[in-house]
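Single-structure report; data block below.
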Amino acid sequence: MASAAAPVSAVAPLAPPLEQLQHLAGELRLLLLEVRDEAAVKVSREATTLTEVFSRLPLPLPSSQETQRFCEQVRAAIKAIIAIYYSLPKDQGITLRKLVRSATVDIVDGMAQLVEVLYINPSQSPENNDLISCNNVWVACQQVPQIPRDNKAAALLMLTKSVDLVKDAHEEMEQAVEECDPYCGLLNDNEEDNSDNHSVEEGDILGCPNNQDLYWSEEDQELIIPCLALVRASKACLKKIRISVAENGKKDLVAQLDDIVDISDEISPSVDDLALSIYPPVCHLTVRISSAKLVSVLKKALEITKASHVTPQPEDSWIPLLINAIDHCMNRIKELTQNELEL
């Protein structure tokens, strides 16, 4: 007896085992991000509740039992946000973990400050420090959703910050050079502002101090030129490194991205040291040492970038061009500071 054949429903073939595991890992990471954001919202909510309860006037403070419940809720919210940091796998990248840790510390510190303000000054006007502290917690919690989702995004964020810092330092140096004398317009400390007995000593320049330690000599101004060029080269290095990471960086090669960020983080402080060394009174030897330190960091950053996956063609012309520019600046600085070494 023939029976009607049941319709065969199309069943999608299962993916290979390892591919299924990879897909599951991706889903779990997305869930982790959602939990991270929700935990931050929870902390923010508890901060608001705590502030409202202990700042209300003229109502009395909550009972001991109510206070215990509030404290337990705050502890639970804070423990949850800390647990998220520790649950982040180390193989996701050091740069990403540092950003998550920094955000976690800001939240915990903000909540601690809020609690301290509330118990030191209970039942005061909500327009005082308690609301300011509560706002600090809100701001810290609102930054959590902005944390990069992977180590490449974290690396790009840190590199962008480094570029901006060096750019600011370069602009400040250029502005000082344009003004020629950063102390121009200041009178000597020992000069009395007496209109009845005002005189300009021989050799003084009107409106500028007569102490030569407070302005640049011609030799100083000549030395500043290659220093500025070196800072421009530093900015160019960071920009090119950031572009390389953006275009060629791979999310799974976290260690190389971390190495690039670590050495790049040293560029801005080295630029700051050089920038400070050119202000009067200028010690040429200090300028030379600061320049050499910056050159060393720049070359190391370029070497690490060149050896990494973000530079698929190590012979890429921009790296040797920047190295030549850096060497040219340093050689000029050495020439202008040679007399200082011979003294």
Side-chain angles (χ1 to χ4, degrees), residues 93-96 98-99 148 150-175 177 223-275 277-278 287-337:
I94 295 175
T95 305
L96 178 60
K98 284 182 178 178
L99 290 176
D150 56 68
N151 208 52
K152 178 182 176 179
L156 286 172
L157 176 62
M158 297 305 296
L159 289 171
T160 299
K161 290 182 177 180
S162 294
V163 171
D164 291 341
L165 289 173
V166 172
K167 179 182 178 182
D168 290 343
H170 179 248
E171 290 176 352
E172 290 177 5
M173 291 175 68
E174 281 193 325
Q175 182 178 357
V177 171
L223 178 59
I224 290 172
I225 295 174
C227 291
L228 265 175
L230 184 56
V231 174
R232 281 196 297 271
S234 303
K235 183 171 61 174
C237 285
L238 281 170
K239 285 185 174 181
K240 292 296 292 185
I241 291 173
R242 183 184 60 182
I243 292 173
S244 296
V245 171
E247 294 180 349
N248 305 312
K250 297 181 180 179
K251 298 178 181 180
D252 56 334
L253 297 179
V254 295
Q256 291 186 10
L257 294 176
D258 288 335
D259 290 341
I260 292 172
V261 171
D262 284 344
I263 186 60
S264 297
D265 282 346
E266 298 181 24
I267 295 177
S268 176
S270 298
V271 166
D272 289 341
D273 289 342
L274 176 57
S277 71
I278 70 168
V287 173
R288 179 166 178 160
I289 293 173
S290 299
S291 301
K293 177 186 174 183
L294 176 56
V295 168
S296 176
V297 171
L298 289 173
K299 287 189 173 181
K300 187 175 181 181
L302 292 175
E303 290 172 1
I304 290 176
T305 302
K306 180 180 179 180
S308 73
H309 71 280
V310 305
T311 310
Q313 296 179 340
E315 67 280 3
D316 197 344
S317 61
W318 69 269
I319 293 181
L321 283 176
L322 281 173
I323 291 177
N324 289 338
I326 292 168
D327 286 338
H328 177 76
C329 295
M330 191 65 223
N331 289 336
R332 182 57 179 158
I333 292 171
K334 287 180 179 178
E335 292 175 4
L336 296 173
T337 57

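Atom set for the values below is all heavy atoms of this structure, side chains included, hydrogens, waters and symmetry mates excluded.
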Does the side-chain contact (heavy atoms from CB on, under 4.5 Å) test come out yes or no for Arg232 and Glu174, once each step is laid out? CA-CA 10 Å; Arg232 281 196 297 271; Glu174 281 193 325; 4.1 Å; yes
When you look at Asn151 and Lys251, which way does the side-chain contact (heavy atoms from CB on, under 4.5 Å) test go after all the steps? CA-CA 6 Å; Asn151 208 52; Lys251 298 178 181 180; over 6 Å; no
Would Asp273 and Leu294 satisfy side-chain contact (heavy atoms from CB on, under 4.5 Å), going step by step from the backbone distance to the final call? CA-CA 9 Å; Asp273 289 342; Leu294 176 56; over 6 Å; no
Under the side-chain contact (heavy atoms from CB on, under 4.5 Å) criterion, do Leu336 and Arg332 qualify, and how do the steps go? CA-CA 6 Å; Leu336 296 173; Arg332 182 57 179 158; 3.6 Å; yes
Test side chain to side chain donor-acceptor pair (under 3.5 Å) applied to Asp258 and Thr95, step by step: CA-CA 6 Å; Asp258 288 335; Thr95 305; 2.7 Å; yes
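Atom CD of residue Glu172 and atom CG of residue Asp168 lie 6.5 Å apart, to the nearest 0.5 angstrom. Summarising the geometry, atom CG belonging to Leu322 is positioned 12.0 Å from atom NZ belonging to Lys299; distances are rounded to the nearest 0.5 Å. Rounded to the nearest 0.5 Å, atoms CD1 (Ile304) and CD1 (Ile241) are 9.0 Å apart. The distance from the NZ atom of Lys306 to the CD atom of Glu303 is 8.5 Å, given to the nearest 0.5 Å. Taken from CZ in Arg288 to CD in Glu335, the straight-line distance is 10.0 Å, to the nearest 0.5 Å. Taking CG from Leu238 and CG from Asp164, the interatomic distance works out to 10.0 Å, rounded to the nearest 0.5 Å.
A donor-acceptor distance shorter than 3.5 angstrom exists from the side chain of Ser308 to the backbone of Thr305, with no hydrogens or angles considered. When atom types are taken as modelled, the side chain of Ser277 and the backbone of Leu274 share a donor-acceptor pair closer than 3.5 angstrom. One N or O on the side chain of Ser234 and one on the backbone of Leu230 form a donor-acceptor pair closer than 3.5 Å. Ser296 places no side-chain N or O within donor-acceptor distance of the main-chain N or O of Ala292, the cut-off being under 3.5 Å.
More than 12 heavy atoms of other residues, nucleotides or ligands lie within 6.0 Å of NE2 in His309, so this atom counts as buried by the packing criterion. Crowding of Ile323 atom CD1: a count of heavy atoms from other residues, nucleotides or ligands under 6.0 Å exceeding 12.
For the residue pair His170 and Leu228, the shortest heavy atom distance occurs at CD2-CD2, 3.9 Å. When all heavy atoms are compared, the tightest approach of Leu156 to Arg242 is CD2-O, 3.6 Å. Taking both residues in full, the closest heavy atoms of Leu257 and Lys152 are given as CD1-CA, 3.8 Å, listed atom of the first, atom of the second, then distance. Summarising the geometry of Cys227 relative to Val287, their closest heavy-atom pair is SG-CG1, 3.5 Å, with the distance given to 0.1 Å.
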Extract all donor-acceptor atom pairs below 3.5 Å that involve side chains of residues 261-270 and protein atoms in other chains or at least two apart in sequence.
| unit_1 | atom_1 | unit_2 | atom_2 | d |
| --- | --- | --- | --- | --- |
| Ser264 | OG | Ile260 | O | 2.7 |
| Ser270 | OG | Glu266 | O | 2.9 |

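At least one side-chain heavy atom of Ile326 sits less than 4.5 Å from a side-chain heavy atom of Leu302. In this structure the side chain of Ile243 never reaches within 4.5 angstrom of the side chain of Trp318, judged on heavy atoms. With contacts defined as side-chain heavy-atom distances shorter than 4.5 Å, the pair Leu99/Met158 qualifies. Side-chain contact between Ile278 and Met173 is present, with at least one heavy-atom pair separated by less than 4.5 Å.
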